Amino acid sequence: MPMQRVFSGIQPSGVPQLGNYLGAIRHWVQLQSEYMCLFCLVDMHAITVWQNPEELRHHTLTQTAVLLASGIDAQKHILFNQSAVYAHARLGWIFNCITRLGWLNRMTQFKDKTGKDRENYSSGLYVYPNLMAADILAYKATHVPVGEDQKQHLELTNDIAQKFNHDYGVTFFPQVTPLIPPTAARIMSLRDGTKKMSKSDPSSQSRIDLTDDADTIRLKIRRAKTDTEPLPTHPDELTERPEAKNLVSIYAALTNTTINHVLETYQGQGFSTFKTALTEVVINTLTPIGQETERLLNDKTYLLETLRNGAERANALADPIVSEVEKIVGFLS
Ligand code: AQP
């Protein structure tokens with residue numbers, strides 16, 4: 001049986017933050033022993049909202065360095081940027097013509113991101129799920145790691161694959177299986193426990209970047225919003241305390257334990273003690289990654305060469321698949 005194939009993407013829309021690490025990157029590192037993995041810096045997705053061109057280039061290289069520093073193996077697996085492999089755009093367009101408007105209108109992430117101002121967003125953001133389907137199906141990936149927020153997009157990918165197969169009378173695209181991480185931590189902003197931690201949040205105090213040094217991490221955690229109550233004995237008592245819950249969740253995720261277990265240790269204590277302990281585990285996990293990232297960023301030629309090599313290998317997989325799709329559709333080859 002051929003090895004099962006995983007496709008994972010991250011937008012180079014900023015420096016990866018702690019949420020990206022706990023919700024995605026650290027799971028990707030583990031998947032490498034079980035699957036053949038494609039790791040993609042989805043720069044075409046990133047420009048669905050405005051990106052300063054210089055910053056986009058810079059963030060693409062920084063993310064490459066962060067992924068390598070976190071343990072992504074670009075020799076055994078494939079690490080590349082999306083725009084360097086034309087198969088994504090070619091298949092994305094075909095999927096724009098397969099997906100029904102009604103399907104896109106149901107996408108909750110588009111509604112959440114645009115709110116009441118949807119008329120002012122790009123059409124790229126609206127058809128983002130079609131490009132995501134193309135990212136996955138251009139490689140006939142069998143598995144995709146997804147957080148809760150991406151599950152709906154993966155269901156759409158399977159709908160698109162099914163409709164394509166049905167419309168053209170083929171059994172070309174497989175169904176894709178979501179991989180939900182065993183401890184799917186959703187990390188929230190340090191300034192507002194009801195908002196997800198995001199690399200593009202205008203407030204740098206809302207997140208911990210994977211490139212932050214120990215002093216910056218210390219300061220951000222010290223300033224993180226909390227309340228005046230001590231830590232409770234039971235997780236249910238954190239329901240109405242989103243900021244407190246978030247800090248406990250981060251600690252649990254980083255130490256591979258449960259919220260329950262963290263509370264057993266810290267119940268009754270105030271946040272100054274807990275924040276000190278949290279700072280230590282964050283620093284211990286992130287600073288080696290930050291230091292290695294900095295070292296790698298001093299060698300841009302190596303990073304560019306890694307991406308170029310990854311794109312070549314990705315293209316060798318995707319081009320025959322998408323060329324076949326174009327033949328099925330009726331394009332002259
Ligand atoms: N706060 C988070 N908690 C857990 N997981 C998270 N992810 C992102 N933020 C959190 C996961 O990281 C992966 C890659 O994310 P992405 O860059 O493709 O898109 P995103 O979810 O939009 O990430 P950001 O940081 O919020 O970026 P911006 O600010 O540009 O929108 C995904 O698997 C995601 O679930």
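One-based numbering, in listed order, for ligands and for the atoms of each. Computed from a prediction, not measured in an experiment: that's the story for all the values here.
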Trainee: For a quick check: using heavy atoms under 4.0 Å, what are the residues in contact with ligand 1, sorted by chain and number?
Mentor: Gly9, Ile10, Gln11, Ser13, Gln17, Gly19, Asn20, Gly23, Ala24, Lys113, Asp149, Ala185, Arg186, Ile187, Lys196, Met197, Ser198, Lys199, Ser200

Trainee: Against the six-membered ring of Phe172, is Lys140 placed for a cation-pi contact (under 6.0 Å from the centre, within 45° of the normal)?
Mentor: yes

Trainee: Measure centre to centre between the rings of Tyr128 and Tyr121, then say whether the value is under 6.0 Å.
Mentor: no

Trainee: Assess whether side-chain hydrogen bond (donor to acceptor under 3.5 Å, both in side chains) is satisfied between Tyr126 and Asn105, documenting all intermediate values.
Mentor: CA-CA 9 Å; Tyr126 186 65; Asn105 286 338; 2.4 Å; yes

Trainee: Give a yes-or-no answer on whether the side chains of Gln17 and Asn20 include a donor-acceptor pair shorter than 3.5 Å.
Mentor: yes

Trainee: So, does Gln82 use its side chain to make a donor-acceptor pair with the main chain of Met44 at under 3.5 Å?
Mentor: yes

Trainee: So, using ring-ring contact (aromatic ring centres under 6.0 Å, His included) as the criterion, who are the partners of Tyr168 when residues are at least two apart?
Mentor: Phe164

